[in-house]
Amino acid sequence: MKIHYFGHSAFALESGEHTVLIDPYISGNPHMQGRSLPAGLKVSSIIATHGHGDHLGDAPALSKQHRAPITAVAELAGLLAAKGCPTVSCGLGGKIQYEWGWSRFVPAFHSSSFEGQYAGNAAGVIISIGGVIVYHAGDTCLFGDMKLIGERYKPQVAMLPIGSGYTMDIQDAAYAAQLLNAPWVIPMHYNTFAQVNADPQVFKETAEAQTASKVHVMQPLEIWEI
């Protein structure tokens with residue numbers, strides 16, 4: 001399974017003929033510097049953790065371009081369906097099956113809106129694809145049930161925000177890595193705008209000193225095969 005990183009909290013998980021986009025903030029993303037998704041990616045599904053522009057991003061346009069449904073919490077899915085997007089509506093805890101595997105939304109402590117309208121709960125997401133379990137935490141603070149997420153789903157990769165301001169900071173994200181006990185951790189949601197400045201190398205040193213996890217700091221447009 002290949003992990004593509006596009007900066008901020010935007011990823012693609014690629015396995016065989018299928019690619020799943022998570023929070024595809026592409027155009028307008030300073031990390032992308034005007035670049036677009038790699039031309040060869042065949043998008044099967046899009047997963048939106050919440051409705052804020054730096055996460056939902058290009059999901060509506062990409063959904064229509066690739067005819068790829070957007071999986072989102074019910075309220076956000078309804079708002080996107082009204083815009084003509086194919087959607088998969090779900091709630092926290094609901095397991096959704098796809099040709100490529102499954103997803104399950106889990107709690108995140110944050111807000112969610114889309115075009116000024118309430119968009120339901122913000123979420124993190126567990127994804128199983130290509131034999132790998134990935135936890136994308138979305139935007140969230142540290143919370144104790146990350147330990148439960150780690151014990152219940154045993155993610156091999158945890159994607160954690162470190163930028164503070166709107167999410168966990170480096171110290172809390174390192175503690176989250178300890179609770180989750182994932183073999184690999186990828187930092188995200190940092191250095192995109194002034195309120196989320198953070199040094200991923202400091203996070204790597206902190207987390208690896210406090211946990212058994214290894215931290216892989218990805219660069220925009222990097223592809224990591226796991």
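Reckoned from all heavy atoms, side chains included, excluding hydrogens, waters and symmetry mates.
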Trainee: Rounded to the nearest 0.5 Å, what separates atom CG in Asn181 from atom OG in Ser213?
Mentor: 6.0 Å

Trainee: Show the nearest heavy-atom pair for residues Gln156 and Pro183, with the distance to one decimal.
Mentor: O-CD, 3.5 Å

Trainee: Closer than 3.5 angstrom, by distance alone: can the side chain of Lys147 be matched with the main-chain N or O of Leu179 as a donor-acceptor pair?
Mentor: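 Such a contact is absent between Lys147 side chain and Leu179 backbone.
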
Trainee: Look at the side-chain heavy atoms of Ile, Leu, Val, Met, Phe, Trp and Tyr, link any pair under 4.5 Å apart, and say whether Leu21 and Ile133 land in one connected group.
Mentor: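 Result: no, two separate clusters.
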
Trainee: Kindly indicate whether the side chain of Pro200, heavy atoms from C-beta on, has any atom under 4.5 Å from the side chain of Tyr190.
Mentor: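 In contact.
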
Trainee: Would you mind checking if Glu115 and Lys83 are paired as a salt bridge, meaning a charged N to carboxylate O distance below 4.0 Å?
Mentor: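 Glu115 and Lys83: salt-bridged.
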
Trainee: Work out which heavy atom in Leu142 is nearest to a heavy atom in Asp172; give both atom names and the distance.
Mentor: CD1-O, 3.7 Å

Trainee: Test Thr167 against Asp139 for side-chain hydrogen bond (donor to acceptor under 3.5 Å, both in side chains), laying out the working first.
Mentor: CA-CA 6 Å; Thr167 69; Asp139 277 2; 5.7 Å; no

Trainee: Can you tell me how far CZ of Arg67 sits from CG of Leu62, rounded to the nearest 0.5 angstrom?
Mentor: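 So the CG of Leu62 and the CZ of Arg67 are separated by 15.0 Å.
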
Trainee: Quick check against the 3.5 Å criterion: does Asp58 have a side-chain atom that pairs as donor or acceptor with the backbone of Tyr25?
Mentor: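 Checked: no pair found.
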
Trainee: Give a yes/no verdict on a cation-pi contact between Lys214 and Trp184, requiring under 6.0 Å between NZ or CZ and the six-membered ring centre and an angle within 45° of the axis.
Mentor: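 Because its charged atom misses either the 6.0 Å distance or the 45° angle limit, Lys214 does not stack over Trp184.
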
Trainee: Can you tell me if Arg104 uses its side chain to pair, donor with acceptor, with the backbone of Gly93 under 3.5 Å?
Mentor: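 Side chain of Arg104 to backbone of Gly93: a pair is present.
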
Trainee: Considering non-hydrogen atoms only, spot the tightest contact between His50 and Ser111 and give its length.
Mentor: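 Reported closest heavy-atom pair: CD2-O, 3.6 Å.
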
Trainee: Quick check against the 3.5 Å criterion: does Arg35 have a side-chain atom that pairs as donor or acceptor with the backbone of Met32?
Mentor: yes

Trainee: Is there a ring pair (Phe, Tyr, Trp, His ring centres under 6.0 Å) between His55 and His189? Walk through the geometry before answering.
Mentor: CA-CA 10 Å; His55 288 261; His189 205 277; 5.3 Å; yes

Trainee: Only one of Ser128, Ser45, Ser103 clears side chain to side chain donor-acceptor pair (under 3.5 Å) with Tyr98; which?
Mentor: Ser103

Trainee: Looking at every non-hydrogen atom in both residues, tell me the closest pair between Ala176 and Met146 and how far apart they are.
Mentor: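 Nearest pair, atom of Ala176 first, then Met146: CB-SD, 3.4 Å.
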
Trainee: With respect to Ser44, which candidate in Glu14, Glu17, His18 satisfies the side chain to side chain donor-acceptor pair (under 3.5 Å) definition?
Mentor: His18

Trainee: Counting only N and O atoms by type, is there a donor-acceptor contact under 3.5 Å from the side chain of Asp145 to the main-chain atoms of Leu148?
Mentor: no

Trainee: Hey, is OH on Tyr175 packed in by over 12 heavy atoms from elsewhere, all under 6.0 Å?
Mentor: no

Trainee: Okay, side chain of Asp23, backbone of Phe11: is any donor-acceptor separation there less than 3.5 Å?
Mentor: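 Here the side-chain-to-backbone pair does not exist.
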
Trainee: Using the rule that Ile, Leu, Val, Met, Phe, Trp and Tyr join whenever any side-chain heavy atoms are under 4.5 Å apart, tell me whether Val185 and Val106 fall into a single cluster.
Mentor: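 Yes, Val185 connects to Val106 through the hydrophobic network.
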
Trainee: For atom CZ of Phe143, is the number of surrounding heavy atoms from other residues, nucleotides or ligands below 6.0 Å larger than 12?
Mentor: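 Yes, CZ of Phe143 has more than 12 neighbouring heavy atoms, counting only those of other groups under 6.0 Å.
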
Trainee: Between Ala119 and Phe114, which heavy-atom pair has the shortest distance, and what is it?
Mentor: CB-N, 4.0 Å

Trainee: If you measure from CG on Leu221 to CG on Leu37, what distance do you get to the nearest 0.5 Å?
Mentor: 9.0 Å

Trainee: Side-chain contact test, heavy atoms from C-beta onward, threshold under 4.5 Å: evaluate it for Asp169 versus Ile162 and give yes or no.
Mentor: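 The answer is no, as the side chains (C-beta and beyond) never meet within the 4.5 Å cut-off.
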
Trainee: For the backbone of Pro69 and the side chain of Thr87, can you confirm whether one donor and one acceptor N or O come within less than 3.5 Å of each other?
Mentor: no

Trainee: Can you list everything that forms a side-chain contact (heavy atoms from CB on, under 4.5 Å) with Ala68? Sequence neighbours excluded, please.
Mentor: Val43, Ile46, His66

Trainee: Any chain of hydrophobic side-chain contacts (each under 4.5 Å) joining Tyr153 to Leu180?
Mentor: yes

Trainee: Would His52 and Ser112 count as a side-chain hydrogen bond (donor to acceptor under 3.5 Å, both in side chains) if you check the C-alpha gap in whole Å, the side-chain angles of each, and the deciding distance to 0.1 Å?
Mentor: CA-CA 6 Å; His52 293 162; Ser112 180; 5.5 Å; no

Trainee: For Asp199 and Gln201, indicate whether the former's side chain and the latter's backbone hold a donor-acceptor pair under 3.5 Å.
Mentor: yes

Trainee: Where the side chain of Lys154 meets the backbone of Glu151, is there a donor-acceptor pair that is under 3.5 Å apart?
Mentor: yes

Trainee: With a 6.0 Å cut-off on the ring centroids, do Phe193 and His8 count as close?
Mentor: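 Ring centroids of Phe193 and His8 are less than 6.0 Å from each other.
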
Trainee: Which heavy atom of Asn29 sits nearest a heavy atom of Phe6, and at what distance?
Mentor: ND2-O, 3.1 Å

